[in-house]
Asker: 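My questions will all concern the structure given below.
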Amino acid sequence: VQLQASGGGLVQPGGSLRLSCAASGSIFGIESMSWYRQAPGKQRELVATITKSGDSYRTDYADSVKGRFTISRDNTKNTQYLQMNSLKPEDTAVYFCNAHLFTYPKGWSDYWGQGTLVTVSS
């Protein structure tokens with residue numbers, strides 16, 4: 001199983017970017033998908049999570065990105081997205097995708113993508 005993140009780049013303050021993360025391999029279930037980020041010299045932090053809740057999904061966000069970032073998923077493609085609007089210089093970081101997946105014979109486990117760099121600068 002692999003998670004492949006893409007979509008990072010250089011953007012001016014106030015701009016937008018959309019990150020994608022596609023999971024591939026023998027996946028039999030996806031419970032949650034998340035985005036984390038790690039800025040230089042700082043610890044990795046949780047940015048957003050989308051979790052299956054019955055027949056719908058629950059989304060949770062870090063306070064620092066609420067109202068600006070939107071997480072979504074396309075189950076037909078095993079892909080999650082992070083739409084980032086009104087970007088600020090403090091959003092500069094390497095963004096990592098994470099997914100809690102069911103595979104056989106391992107069962108439920110966390111998987112990580114390789115990270116994609118987002119730089120917000122004028």
Side-chain angles (χ1 to χ4, degrees):
V1 174
Q2 288 188 329
L3 269 61
Q4 182 70 43
S6 61
L10 173 64
V11 63
Q12 292 186 342
S16 298
L17 277 177
R18 188 195 196 204
L19 306 182
S20 300
C21 178
S24 60
S26 298
I27 299 167
F28 294 91
I30 302 175
E31 180 182 7
S32 64
M33 306 184 91
S34 302
W35 289 95
Y36 288 74
R37 68 185 180 186
Q38 187 166 18
K42 294 188 177 181
Q43 289 188 330
R44 189 174 298 189
E45 64 172 348
L46 177 62
V47 175
T49 299
I50 183 165
T51 306
K52 186 170 174 57
S53 178
D55 293 333
S56 61
Y57 295 91
R58 185 186 78 244
T59 57
D60 297 286
Y61 298 92
D63 288 343
S64 59
V65 307
K66 280 181 181 177
R68 300 189 297 122
F69 290 10
T70 302
I71 188 171
S72 60
R73 57 193 272 182
D74 183 340
N75 292 323
T76 65
K77 300 178 180 179
N78 288 342
T79 299
Q80 60 172 313
Y81 305 95
L82 185 68
Q83 178 65 45
M84 304 184 294
N85 299 328
S86 302
L87 282 161
K88 305 175 181 180
E90 51 263 43
D91 294 318
T92 296
V94 177
Y95 285 70
F96 298 89
C97 55
N98 167 278
H100 195 61
L101 308 174
F102 188 93
T103 63
Y104 184 84
K106 193 172 183 180
W108 289 106
S109 188
D110 278 338
Y111 293 84
W112 290 89
Q114 83 284 11
T116 184
L117 177 62
V118 173
T119 303
V120 184
S121 175
S122 55

Asker: To the closest 0.5 Å, what do you measure between CE (M33) and OG1 (T59)?
Answerer: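 Going from CE on M33 over to OG1 on T59, the span is 14.5 Å.
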Asker: Quick one: are L19 and V118 in side-chain contact, heavy atoms under 4.5 Å?
Answerer: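 Yes, side chains in contact.
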Asker: In this structure, are over 12 heavy atoms from other groups packed under 6.0 Å from E90 atom CD?
Answerer: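 Atom CD in E90 is packed in, count exceeds 12.
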Asker: For Y61, does the six-membered ring have the charged nitrogen or CZ of K66 within the cation-pi criterion, i.e. under 6.0 angstrom from the centroid and within 45° of the normal?
Answerer: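 K66 over Y61 ring: no.
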Asker: So, does T79 use its side chain to make a donor-acceptor pair with the main chain of K77 at under 3.5 Å?
Answerer: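 Such a contact is found between T79 side chain and K77 backbone.
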Asker: Using every non-hydrogen atom in the two residues, find where G7 and L17 come nearest and quote the distance to one decimal.
Answerer: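 Heavy atoms only, the tightest pair is O-CD2, 3.8 Å.
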Asker: Whether the side chain of T92 engages the backbone of V120 through a donor-acceptor N/O pair (distance < 3.5 Å, no angle test) should be reported.
Answerer: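 At least one qualifying donor-acceptor pair exists.
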Asker: Is the count of non-hydrogen atoms from other residues, nucleotides or ligands lying under 6.0 Å from Q2 atom CD greater than 12?
Answerer: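 It does not: Q2 CD has 12 such atoms or fewer within range.
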Asker: Find out whether S121 and P89 are in side-chain contact, i.e. whether some heavy atom of one side chain is under 4.5 Å from a heavy atom of the other.
Answerer: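 Counting from C-beta outward, S121 and P89 never come under 4.5 Å.
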Asker: Distance alone, cut at 3.5 Å: any donor-acceptor contact between the side chains of Y95 and R37?
Answerer: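 Result is yes, a qualifying pair exists.
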Asker: Could you check if a side-chain atom of Q38 sits within less than 4.5 angstrom of a side-chain atom of F96, using non-hydrogen atoms only?
Answerer: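 The answer is yes; the side chains approach within 4.5 Å.
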Asker: With a 4.5 Å cut-off on side-chain heavy-atom distances among I, L, V, M, F, W and Y, is there a chain of contacts connecting I50 to Y36?
Answerer: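 In one cluster: no.
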Asker: State which residues pass side-chain hydrogen bond (donor to acceptor under 3.5 Å, both in side chains) with R18; sequence neighbours excluded, sorted by chain then number.
Answerer: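 Testing R18 for side-chain hydrogen bond (donor to acceptor under 3.5 Å, both in side chains), a comparison that skips the adjacent residues, returns none.
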Asker: Got a second to check how far T116's OG1 is from Q4's CD, nearest 0.5 Å?
Answerer: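 Answer for the OG1-CD pair, T116 versus Q4, is 9.0 Å.
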Asker: If the condition is side-chain hydrogen bond (donor to acceptor under 3.5 Å, both in side chains), which residues does K42 pass it with, not counting sequence neighbours?
Answerer: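 Applying side-chain hydrogen bond (donor to acceptor under 3.5 Å, both in side chains) to K42 gives none.
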Asker: I want to check a possible cation-pi pair here: R73 against W35, using under 6.0 Å from ring centre and within 45° of the ring axis as the test.
Answerer: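 Checked: cation-pi criterion not met.
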Asker: Can a donor-acceptor pair be found, under 3.5 Å and without considering hydrogens, that links the side chain of Q83 to the backbone of I71?
Answerer: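 Between the backbone of I71 and the side chain of Q83 there is no qualifying donor-acceptor contact (under 3.5 Å).
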Asker: How long is the gap from OG on S109 to CG on L101, to the nearest 0.5 Å?
Answerer: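 One gets 8.0 Å once the value is rounded to the nearest 0.5 Å.
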Asker: Do the side chains of V94 and L46 join up, straight or via other hydrophobic residues, at under 4.5 Å, putting them in one cluster?
Answerer: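 Yes, it is one cluster - the side chains of V94 and L46 are joined through contacts under 4.5 Å.
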Asker: Going by heavy atoms in the side chains, are I30 and H100 under 4.5 Å from each other?
Answerer: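 A side-chain contact is absent here, since even the closest heavy-atom pair is not under 4.5 Å.
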Asker: Are T51 and S32 linked by a side-chain donor-acceptor pair shorter than 3.5 Å?
Answerer: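 There is no such pair between these side chains.
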Asker: Is the shortest side-chain heavy-atom distance between D91 and F69 below 4.5 Å?
Answerer: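 Yes, side chains in contact.
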Asker: Is it the case that one hydrophobic cluster holds both Y57 and L82, taking links as side-chain heavy atoms less than 4.5 Å apart, direct or via other members?
Answerer: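 Result: yes, single cluster for both.
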Asker: Could you check if a side-chain atom of C97 sits within less than 4.5 angstrom of a side-chain atom of L3, using non-hydrogen atoms only?
Answerer: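 Yes, their side chains come closer than 4.5 Å.
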Asker: Can you tell me how far apart CG (N75) and NZ (K52) are? Round to the nearest 0.5 Å.
Answerer: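 Here the interatomic distance stands at 7.0 Å.
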Asker: With a 3.5 Å cut-off and no angle check, do the side chains of N85 and S16 form a donor-acceptor pair?
Answerer: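 Per modelled atom types, N85 and S16 side chains form a pair under 3.5 Å.
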Asker: Considering only heavy atoms from C-beta outward, does the side chain of S24 approach that of V1 to under 4.5 Å?
Answerer: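 Not touching, per the 4.5 Å side-chain cut-off.
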Asker: State, to 0.1 Å, how close N98 and Q80 come at their nearest heavy-atom pair, and which atoms those are.
Answerer: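 Smallest interatomic distance, heavy atoms only, reads O-NE2, 3.2 Å.
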Asker: Taking the side chain as everything from C-beta on, heavy atoms only, tell me whether I27 gets closer than 4.5 Å to Y111.
Answerer: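 The answer is no; the side chains never approach within 4.5 Å.
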